[in-house]
**Q** 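Input: one structure, supplied below.
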Amino acid sequence: IPISQNLLGQHGVHMGDITEVHSHQQALRQCKDYLAEHFWTRPLIETDDTAEAARRLSEGKLPNTVGVIGSEYCSELYDLNILSIMNSKLPVISVGNIQAGGTGKTPFVIALAQQLINNNINPLIITRGYKRNTTKQIILNHINEYSAQEVGDEPYYIKQMLSTVTIIIDHDKKRAIKQANEMKNINCIILDDGFQSRYIHKDIDIVLTSFSQVDNFSLMPFGSFREPISSLKRAHFVYNTKDENSNKGNLKINFTCRQY
């Protein structure tokens, strides 16, 4: 009888948070295509007993960011969450990066939204509102509803430039997407800083880079990179936003970029 396998994790942990996957060899083989697609950069750790791995995770004896391939019964027995990818009813276009620091996401999001509007497509923008002094979800329809301190400098600036575009400010991207799907007259979602949110299905994944200004390609904290360069294989489009004539930047893009 075929056994249904699931990716199990601690409550509050998303798929994008998983740093390694534990399970019995047979379960890893059964899920090899799924793991190759979503966790190809993550270590796969073979265990003698999947249930034991699930128990150790639930008791805090494994790091919080470990995922375990196991059955729904294991999930219920050890009070673990079944992690899954969220699918939006509306198309999702993600604009993200793999580097800390500025890669020009805000002007790119504005230009992308404007291009969509010019083609009679009404976008909604989701962003977390970095350094804002509020924590609740905010739906920004009009610029005079909130201050820059309440929504964050970047969402406020985007609203100034795109007065007709609705912006949802929320640190919980899944909650924001659910809200967007309930709204009328929206044709698509632009998801700001969504590349690392692997628990959300993106119809188009755009990554912005500034390779020409980087000499150290190490991961944080030893360098400025949030993910290895090889992770760009997940992207549909990669754009070098700084010094696009740089041979160094173009070489990396040509090597890693694949079209959607």
Side-chain angles (χ1 to χ4, degrees), residues 16 37-38 40-41 85 88 90-130 152-162 165 167-169 173 176-177 180 186-220 223-260:
E37 180 180 358
H38 299 289
W40 62 275
T41 62
I85 295 176
S88 169
L90 293 168
V92 175
I93 304 172
S94 168
V95 179
N97 60 29
I98 61 169
Q99 297 165 260
T103 53
K105 278 198 294 90
T106 298
F108 190 95
V109 165
I110 292 170
L112 174 61
Q114 189 60 62
Q115 186 68 26
L116 291 169
I117 293 169
N118 292 344
N119 285 274
N120 298 315
I121 299 171
N122 189 27
L124 176 145
I125 297 171
I126 292 176
T127 182
R128 65 172 178 163
Y130 183 61
D153 290 340
E154 291 179 0
Y156 195 81
Y157 175 69
I158 292 172
K159 190 61 182 176
Q160 285 181 317
M161 302 301 293
L162 301 167
V165 175
I167 304 173
I168 297 180
I169 299 98
K173 295 184 177 73
I177 289 174
I186 302 297
N187 302 125
C188 72
I189 295 168
I190 298 176
L191 183 63
D192 178 45
D193 198 24
F195 190 60
Q196 282 73 40
S197 300
R198 300 177 69 172
Y199 53 92
I200 296 172
H201 171 75
K202 279 92 70 173
D203 296 273
I204 300 178
D205 231 336
I206 301 171
V207 176
L208 308 182
T209 67
S210 57
F211 288 146
S212 58
Q213 298 185 354
V214 176
D215 292 320
N216 181 4
F217 288 86
S218 299
L219 296 178
M220 299 171 63
S224 62
F225 280 76
R226 303 163 71 181
E227 292 191 59
I229 296 292
S230 57
S231 66
L232 290 177
K233 293 178 181 178
R234 300 200 318 269
H236 298 124
F237 295 97
V238 181
Y239 293 100
N240 192 29
T241 58
K242 305 290 179 70
D243 190 7
E244 63 183 21
N245 294 319
S246 165
N247 290 330
K248 184 177 181 181
N250 287 335
L251 175 63
K252 293 294 182 182
I253 289 174
N254 291 337
F255 180 74
T256 57
C257 179
R258 65 182 177 89
Q259 289 191 343
Y260 177 65

**Q** For Asn118, what residues pass the side-chain hydrogen bond (donor to acceptor under 3.5 Å, both in side chains) criterion, not counting sequence neighbours?
**A** Gln114
**Q** Looking only at non-hydrogen atoms, find the nearest pair between Leu124 and Ile186 and report the distance.
**A** CB-CG2, 3.7 Å
**Q** At their closest point, which heavy atom of Phe195 faces which heavy atom of Ser94, and how far apart are they?
**A** N-OG, 3.5 Å
**Q** Find out whether Ile126 and Ile177 are in side-chain contact, i.e. whether some heavy atom of one side chain is under 4.5 Å from a heavy atom of the other.
**A** yes
**Q** Quick one: pull up CZ in Phe108 and CD1 in Ile206 and give me the separation to the nearest 0.5 Å.
**A** 4.5 Å
**Q** When you check the side-chain N and O atoms of Gln99 and Arg226, is any donor under 3.5 Å from an acceptor?
**A** no
**Q** Identify, with sequence neighbours excluded, every residue that meets ring pair (Phe, Tyr, Trp, His ring centres under 6.0 Å) alongside Tyr199.
**A** His14
**Q** Heavy-atom count check: over 12 atoms from other residues, nucleotides or ligands less than 6.0 Å from Tyr157 OH?
**A** no
**Q** Give me the atom names and distance for the closest heavy-atom approach of Ile168 to Ala180.
**A** CD1-N, 3.9 Å
**Q** Which heavy atom of Val207 sits nearest a heavy atom of Ala235, and at what distance?
**A** CG2-CB, 3.7 Å
**Q** What residue among Thr127, Asn97, Asp192 forms side-chain hydrogen bond (donor to acceptor under 3.5 Å, both in side chains) with Lys105?
**A** Asp192
**Q** Grab the two heavy atoms, one from Leu219 and one from Pro228, that are nearest each other, plus how far apart they are.
**A** CD2-N, 3.4 Å
**Q** Measuring from Cys188:SG to Leu116:CG, what's the distance to the nearest 0.5 Å?
**A** 5.0 Å
**Q** Between Leu90 and Asn187, is any pair of side-chain heavy atoms under 4.5 Å apart?
**A** no
**Q** Salt bridge (charged side-chain N to carboxylate O under 4.0 Å, His left out) with Glu227: which residues, sequence neighbours excluded?
**A** Arg234
